[in-house]
J.: 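Structure in structure tokens, see below.
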Amino acid sequence: MTAISDILHLLFTANLWQATLSAAILLLLPALGGVISERSGVVNIAMEGMMLTGAFFGVVAALAWHNPWLATGVAILAGGLMAAVHAVVSIQFRADQIVSGIAINIFAAGLTVFLINRIFGLQDVGHLGPNEGLPYISIGGLDQIPFFGKVLFQQNIVVYVALVLLVLIHVLLFRTRIGLRIRAVGEHPQAADTAGINVFFIRYSAVITSGLLSGLSGAFLAIGVSNTFVPNMTDGRGYIALAAMIFGKWTPFGAFGACLIFGLGEAIYANNSIIHASPYLLSMLPYIITLVVLAGVVGRSSPPAADGIPYVPGSE
Amino acid sequence: MVHKRLGILGLAAVALMIAAACGGSSPGTTAKQIKVGLVTDTGGLNDKSFNHLAYVGLQKAIADLGIKGDVIESKNGDEYVPNLTNFASKGYDLVLGNGFLMQPAIGTVAGQFPNVHFAIVDGAGTDASFKDLKLPNVQDLLFKEQESGALVGAMAGMLEKQGKGPANTHVIGAVGGISIPPVNHYIAGYKWAAAMEDPSIKVLVGYSNDFSDPTKCSSVAKSQIGNKAEFIFQVAGGCGLGALQAAGQAKVYSFGVDADQKDADPSVIASALKKVDVAVYTSIKSVVNGKFQGGETRFSLQNDATGYTLDNFNLPADVKAEVDGLAAKIKAGTLTPPADIPA
Amino acid sequence: MAIAGADPLAAYQGLLCGGLGALCGGCENPALQISNTIVFVTPLITTGIAVALPFRAGLFNIGAEGQLLAGAVTYTVIGIKLGNGPAPVVIPVALIGGMLAGSLWAGIAGVLKALVGAHEVVTTIMLNYVAQWLVRFLIIGGPLQAPNGFSASPPTGPGARLPTLLPHDNSLIIFGLPSSVYRVHTGLFIALAAAALFAFLLWRTSLGYEIRAVGQSQRAARYAGVDVRRTIIVTMLIAGAFSGLAGAIQIAGVDHGLTDKYFSDTTGFDAIAVALLGLGSATGIILASILLGALHAGGAVMQSDAGISANLVLVLQALILFSIAANFVGAIRRLLPFGRKPAALPPDLPPAAGLMSESATPTVQT
């Protein structure tokens with residue numbers, strides 16, 4: 001049972017929680033994107049592909065211009081562009097939104113590897129220089145608070161941005177007219193249309209926003225944490241974000257809570273050099289915990305009523 | 001019985017297609033050119049690691065030896081057998097499988113094509129239980145990774161002993177991809193040599209369980225650094241780049257793996273080498289010269305295929321002398337680093 | 001293809017040859033290509049069913065991969081323990097074992113959905129990860145690892161191996177190659193039988209009717225006297241059995257043991273595309289499996305013949321999915337100003353659309 005005491009011991013270290021938050025943010029951004037998209041009634045399981053595309057183009061731009069901010073912009077746009085494809089196919093062409101999402105994920109996986117071959121030949125993708133990645137920022141004063149300073153105020157800049165976005169999106173969705181419109185479109189597009197809301201415009205904006213957020217997460221992954229691009233480096237995070245979104249009942253803070261569970265699992269796992277347990281069993285832990293929590297506490301999660309249904313103007 | 005009849009029906013259909021499609025192929029109008037096919041494992045050619053190096057070796061052979069070289073990237077493990085068979089069935093002279101994951105596939109296909117030469121990096125042609133079939137047409141290109149691991153391990157141990165680590169904690173770390181022999185050889189040598197130079201040293205060994213996601217290795221490295229490790233040795237391909245970067249952020253030192261990873265991060269003070277390109281080139285050359293021999297070919301310090309390279313660091317002369325001395329002893333056979341991670 | 005900078009014709013030729021054995025150049029062997037494609041197609045059929053059946057009930061089973069792994073693990077364990085017994089006994093026992101394991105894996109998601117309303121997308125994704133880590137645990141230093149340090153289980157015994165269609169013989173030459181290179185195995189017939197069973201189940205049984213009724217509208221189904229909870233659980237159990245069967249057949253017919261190739265297996269995810277492309281019908285699923293299997297097999301030949309990265313196949317696959325999903329031709333006609341008025345057309349939804357919405361209606365009355 002040393003493993004359990006090892007883990008308990010870990011839970012009291014600031015390092016663990018610092019890593020947890022950082023890992024959670026990587027998932028939170030696409031999960032927030034998913035929340036917005038699905039609240040407007042468009043199923044989005046394409047965060048994985050949008051993130052991967054963002055990561056790839058972010059690195060390409062960073063290598064070309066040596067500027068992390070421009071590169072992040074490119075990554076965000078690339079994610080948004082992929083989302084725009086999803087939007088056109090599923091809103092305009094009324095395609096099955098799951099098929100479209102899967103197609104985006106497959107497309108991104110193939111395209112990025114293919115483009116690596118094209119752009120870099122069969123050479124290394126290359127690494128960003130020491131100051132060309134997104135910076136880690138310690139917030140002066142606050143970062144000296146014991147424990148919490150390290151956890152909350154010694155993080156990558158994207159972490160702070162994401163936490164601000166979390167609050168903003170919550171407020172936007174539940175405290176503003178725009179949010180009301182998004183939710184109306186997701187619950188009952190016909191009624192919203194009748195009330196004068198432009199259903200297509202709202203849905204396009206929401207889906208594209210989800211891509212922008214996923215692209216930002218891709219930038220964090222590639223030019224914040226990694227400094228390079230490796231094929232398939234998103235490693236299923238888009239799907240975990242999808243699970244976190246549903247787990248969190250399509251709300252920003254709920255999704256954040258779920259992301260923290262997965263982040264904590266990842267952070268505990270990362271300590272496998274000092275935990276006396278099979279690293280593989282350790283890896284299962286967050287998923288099993290999620291299942292248990294779903295079974296016992298969270299229970300039913302219901303998506304917006306019109307989620308997944310293409311809107312046909314004039315239909316009943 | 002029904003199956004057999006169906007099979008025959010299918011064969012008849014196929015026979016027609018063959019007659020139509022491949023009947024008129026004319027054998028070699030030009031002078032005999034050696035054809036080499038490389039099958040990568042799932043890491044793909046841009047893995048910044050050994051698939052990439054194998055490709056470098058193939059390219060060199062194309063340039064120097066005038067061979068024809070083709071590549072297939074395996075997208076997943078299901079494809080090893082068909083991809084190897086593809087080259088073998090087209091009469092390639094040498095089919096190279098890259099990575100020990102391909103061992104049973106090489107064993108199967110090499111048995112079917114006894115007239116084609118095969119070579120596999122990090123393994124042998126085996127049956128399904130990974131028992132070496134000792135096929136005469138399979139060359140096993142095996143590395144003594146523990147030697148390279150030992151050299152960088154000795155470097156870390158010496159620096160710790162002399163108090164030249166960033167904070168001199170006497171703790172170092174290794175981040176492996178998956179706990180498999182080629183990875184563990186490196187770590188075994190690293191741990192062994194570090195402890196030999198600095199008996200008080202503590203070596204943390206962790207695994208990311210991944211070869212492609214840098215964040216995973218970054219988190220494992222950060223955990224080790226949080227536990228006072230101040231040298232991080234990455235043995236996880238593309239994933240391990242994250243470990244190098246984590247070391248850089250925390251202002252501790254790191255070691256690259258397989259290729260010279262000097263450019264990956266300023267924290268990389270040396271890289272443990274595994275010259276897959278040399279092995280691949282050597283194997284191709286043996287076919288071109290008609291000197292191909294099946295069985296084990298060891299790549300080690302003996303034939304300059306393992307070793308280390310100094311990167312972003314000004315290594316004190318006495319440390320370098322010690323490391324080179326160790327290399328000489330290993331080369332001479334007076335010291336042998338273990339292949340399994342010592343307790 | 002033209003942008004790839006290589007000869008696009010050679011690329012298409014390679015793709016066609018590798019996928020379907022047609023128009024082969026460079027003395028690629030068409031029989032070999034067809035055989036390879038069929039080996040890829042076989043597990044796609046049953047996993048495709050495992051996704052398509054729950055779709056009919058309005059459930060999105062994203063967990064075919066985990067269920068497949070559960071089946072593969074179980075088949076391996078039985079195949080090692082009983083592998084020296086007579087094949088006619090061992091194979092059915094082990095196949096059923098694999099199906100039960102798949103059922104169990106999917107059943108967890110089904111029960112959670114039916115009893116507490118936990119969304120099956122989350123639970124099946126979680127179960128995928130648990131299965132993937134379980135496989136690693138078992139064969140890297142765990143109880144199923146062969147005693148030689150490699151990440152693989154010991155091989156299953158001879159009694160647990162499905163025969164190949166052609167004799168497994170290195171010296172018998174068929175179509176210019178040793179007959180053992182043709183890996184097509186009898187699991188193909190099991191998969192085809194499974195597809196027939198799926199069609200029968202869906203259209204000819206009362207359970208099939210209930211599944212479709214639940215998929216159309218849970219409320220209406222409930223009024224019609226269908227036990228929605230029971231139907232959800234049973235649907236997932238059956239779906240899991242199909243996935244588990246796929247994993248079991250892979251071990252029985254191709255791999256004869258659990259190896260690290262299952263770390264990178266994507267069959268269960270490709271199955272989602274198969275189910276959606278196949279529009280949920282048995283014939284459609286078989287055709288879609290052939291399409292995806294052919295692309296999968298064709299990519300490698302394209303790379304070896306035309307020097308284009310096999311990953312381009314993924315791009316093609318995505319484009320095919322897009323164009324089928326979006327019904328581009330029909331949609332463009334709809335958009336034209338001189339076309340019929342949009343409102344006059346019924347919304348032509350593929351059967352899986354509205355899938356997420358179905359779970360929006362209160363799942364179960366508690």
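A, B, ... follow the sequence lines: proteins, then strands. Residue 1 opens every chain.
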J.: Where does B:D210 contact chain A at under 4.5 Å (heavy atoms): side chain, backbone, both or neither?
T.: side chain
J.: Among the options B:L241, B:D265, B:D213, pick out the one with the most heavy-atom pairs lying under 4.5 Å from chain A.
T.: B:D213
J.: Any non-hydrogen side-chain atom of B:K35 less than 4.5 Å from a side-chain atom of B:F87?
T.: no
J.: Residues of residues 177-186 of chain B under 4.5 Å from chain A (heavy atom pairs)?
T.: B:I178, B:S179
J.: Side chain, backbone, both or neither: which part of A:L26 has a heavy atom under 4.5 Å from chain B?
T.: side chain
J.: Is it the case that over 12 heavy atoms from other parts of the model lie below 6.0 angstrom from the CG atom of B:D64?
T.: yes
J.: Is there a donor-acceptor contact under 3.5 Å from the side chain of B:N312 to the main chain of B:V268?
T.: yes
J.: Check whether the side chains of B:D263 and A:H127 place a donor and an acceptor atom closer than 3.5 Å, and report yes or no.
T.: no
J.: Within the 4.5 Å heavy-atom criterion, are B:I201 and B:I172 side-chain neighbours or not?
T.: yes
J.: Can you tell me which portion of A:N15 sits under 4.5 Å from chain B's heavy atoms? Options are side chain, backbone, both or neither.
T.: side chain
J.: Would you say that A:L221 contacts A:R237 through its side chain, given a criterion of any heavy-atom pair below 4.5 Å between the two side chains?
T.: yes
J.: Between B:D277 and B:K60, does any NZ, NE, NH1 or NH2 come within less than 4.0 Å of an OD or OE carboxylate oxygen?
T.: no
J.: With a 4.5 angstrom heavy-atom cut-off, is it the side chain or the backbone of B:T215 that approaches chain A, or both, or neither?
T.: both
J.: Quick one: are A:L216 and A:L165 in side-chain contact, heavy atoms under 4.5 Å?
T.: yes
J.: Considering only heavy atoms, which portion of A:F229 lies under 4.5 Å from any heavy atom of chain B: side chain, backbone, both, or neither?
T.: backbone
J.: Look at A:T228, A:T234, A:L10 and state which one has the largest set of heavy-atom pairs under 4.5 Å with chain B.
T.: A:T228
J.: Taking the side chain as every heavy atom from C-beta outward, state whether A:T53 and A:M50 have any atom pair closer than 4.5 Å.
T.: no
J.: Between A:I275, A:I274, A:N232, who has the most heavy-atom pairs with chain B when the cutoff is under 4.5 Å?
T.: A:I274
J.: Does the side chain of A:D235 come under 3.5 Å of the side chain of B:S212 through a donor N or O and an acceptor N or O?
T.: no
J.: So, applying side chain to side chain contact (heavy atoms under 4.5 Å, CB included) with B:V235, which one of B:V205, B:V257, B:V175 is it?
T.: B:V257
J.: Shorter than 4.5 Å, heavy atoms on both sides: which option in B:G238, B:S219, B:A264 has the most such pairs with chain A?
T.: B:A264
J.: With a 4.5 angstrom heavy-atom cut-off, which part of B:N209 approaches chain A: side chain, backbone, both or neither?
T.: both
